[in-house]
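Since the structure comes first, as structure tokens, the remarks are kept for the end.
Every heavy atom of this structure was used, including side-chain atoms; hydrogens, water molecules and symmetry mates were not. Counting convention: from 1, in listed order, for ligands and their atoms alike.
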Amino acid sequence: MTTIDRLVGAGIDRIDGPAKVRGTAPYAFEQDPGEPITHLALVQSTVNRGRISRLDPSRAEAMPGVLAVLTPANAPRLGGGLTSDLPVLQSLDVHYQGQVVAAVVAETSEIAKAAVGAVVVEYAAEPPDVALRTDRPDLYAPDKLMAGFETDSVIGDVDGALAAAAVTVDATYETPTQHNNPIEMHTSMARWEGDSLTLWDANQGPHSIVKDLVTGFGVDAGQVRVISPYVGGAFGSKAFTHPNQMLAAMAARVVGRTVVLELTRQQMFSLVGHRTPTIQRLRLGADPEGRLTAISHEVVEHTSRISEFAEQTATPTRVLYAAPHRRTTHRLARLDVPPPTIMRAPGETPGMFALESAMDELAVALGLDPVELRIRNEPDRDPERDVPWSTRHLVECLRTGAERFGWAGRDLRPGIRTDGRWLVGTGVASATYPTRRRKAQCRISVDGAGRYTVEIDGSDIGTGAWTVLSQIAADALRTDLGSVELRIGDSRLPFAGGAGGSTGLASWGTAIVFTARDLRTRLEEQYGGQVPADGVTVDGELPGESPAAKTHSMHAYGAHFVEVRVDRDTGEVRVPRATSVYDAGTIVNAKTARSQLLGGFCMGVSMALHEESVTDERYGHYVNHDLAEYHVATNADIGDIDISWLDVDDQLANPIGLKGIGEIGITGAAAAVANAYWHATGLRIRDLPITPDKYFRPR
Ligand code: MOS
């Protein structure tokens, strides 16, 4: 039973839909600051490592319409304490290719871009070191992984158990560098009035951006306002501050005008992070019935010289399957690359490709159905934390998915089904993602006419948050949608963490539920249930993680079933149909939830077949840094996708019973495709993406 159960669950249309379709919802670039806008364009380093030896802005400065050329020589000094790539234009040192070495402010974007070409920059460069390899002598163990996870975990005697196992798998999987490519490029429009800054910005949470601006510009938090009501997609690259926000604010301060910076698509390949490449060695040991005795998952990945980003790649392996002997490790190489960042299910996405591919290889070695193998290794408690699950319905997802997909009677043999030129196969993989929530504050007011205003700095990055938060609020206030006005996406609103880690709805929604409860109690106790003529306002707060997070292990689960077809003549790979079933707790809006789960899965297909930022190890750049050559799945790549979920909830996670759905859909999806590819062709591809040429590799 969910605590609130009226609007929650309904497939309500997006309340921001009409404004977006009509083009009246203002994105960052379209905001009106009330004065003419000037434009910023960037000069970027052409080397990965070294120092600027000469920088001459004089020709650019002399161009009509140019207002300023910012360089390390004249840029305002930023406050100490900024990390990674945020101290922009503070030094002549170069740490990655694409680093901003100068910036031009001009009356128009055309003038600014033309002036960029007139800035002369020379470098004393050193050769780039960008190759990730497992035999690098400089690999190191970080103190902690992202999100506070331990770097390693060791239980029992893994090597002994592997040596004694009846059946083993020992395989190495590689995932490439990938780049976040939301449709809206990162955009920041800055305006100063005295010492107060307004930044209209594309991000995943205004409050998360304010802190760095405060540090950089030495102003008080109250003097910085970040406004982001509408965001054109985000998968992680808009979660944290990047050079664009710092540069727009800096330039606006220098010229005393409103400045807008819209990154180009190409600039997004160096300035807003990427998913680290990974090399993962998986070793599994099992008894003849397929019960795992040992799991070892060793990860090598990269970070940059100027930041430590330790992706939690092997963490899903710590929870997914039972085995008495287990080990996970993470090692990093510091390379001359831009700082990596999060990208939809960082950790789980590359990690689950390796784990779920290895499980498929084990099923093949055992001659066992891969669904049955997973069911036989279902743990009754969290196998590493040794605590109970809050709720876990992975087996039900596998069984329901198998039923919906038509898995029964599947022939285990690979490479034997054809349909004309096509080789046909099917594959399965599990999905999992942690369920968490974070601190959030909320303010709810009701006026004498019974109209509610709900204020919280939540963020809608295309997920449907405008709609689902309104649904939750209306239910919690025992009113209808039309009586609730939601305000989100503005750092002036009560504090909330950003849209990330699939924590948004659990955090903001719970804060709204708690605050609504307080308001209703106040109305009852102080006003006998009648709203006074001048209204009532209540401030509420959700302290953070559920108390049950200490005593229980909380995760969302899912199962993907995929059909793959491979053209024997061209190696072309198609995914004509797929079924995914989720245990994601309470589904608040059937329509927007389906869209999130579908989007996650499609991104997994994209990872399996297309996405790779190709690094040129000689010159250190990403060769395919635009959407013409960095392929992402489009409509033509996506077949018939059947999305469903179990009717379950998780009351230990939050009072709404939801588990978060932004990221679960991508986890395991690439492995399901690769496993089906093996079933179609007999070829095991352990290095993504599965491009057509890999079909013709020497066997
Ligand atoms: Mo998501 S990678 O947590 O923004």
How close does the nearest protein non-hydrogen atom get to [atom], and which residue and atom is it?
{"atom": "atom 4 (O) of ligand 1", "answer": "Gln204 NE2, 2.9 Å"}
{"atom": "atom 2 (S) of ligand 1", "answer": "Phe235 O, 3.0 Å"}
{"atom": "atom 1 (Mo) of ligand 1", "answer": "Glu663 OE2, 3.2 Å"}

Assess whether a salt bridge exists between Arg225 and Asp490, defined as any Lys/Arg side-chain N lying under 4.0 Å from an Asp/Glu carboxylate O.
yes
Between Glu150 and Lys144, is the closest basic N to carboxylate O distance under 4.0 Å?
yes
Which of the numbered atoms in ligand 1 are below 4.0 angstrom from a heavy atom of [X]?
{"X": "Gly500", "value": "3 (O), 4 (O)"}
{"X": "Arg344", "value": "2 (S)"}
{"X": "Gly236", "value": "2 (S), 4 (O)"}

With ring centroids as reference points, do His625 and Tyr630 lie under 6.0 angstrom apart?
no
For Leu86 and Thr241 the tightest heavy-atom approach is CD2-O, 3.5 Å
Kindly confirm or rule out an N or O of Ser502 lying under 3.5 angstrom from an N or O of ligand 1.
no
Sub-3.5 Å N/O-N/O distance, Gly501 and ligand 1
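Among all N and O atoms of Gly501, at least one is under 3.5 Å from an N or O of ligand 1.
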Check: Gln280/Thr278 side-chain N/O donor and acceptor closer than 3.5 Å
yes
Establish, from distance only, whether the side-chain atoms of Glu356 and Asn675 form a donor-acceptor pair under 3.5 Å.
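Checked: Glu356/Asn675 side chains show no N/O donor-acceptor pair below 3.5 Å.
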Out of His186, His274, His179, which residue meets the ring pair (Phe, Tyr, Trp, His ring centres under 6.0 Å) rule with Phe269?
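Among His186, His274, His179, the one that satisfies the ring pair (Phe, Tyr, Trp, His ring centres under 6.0 Å) with Phe269 is His179.
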Heavy-atom contact under 4.0 Å between Pro346 and ligand 1?
yes
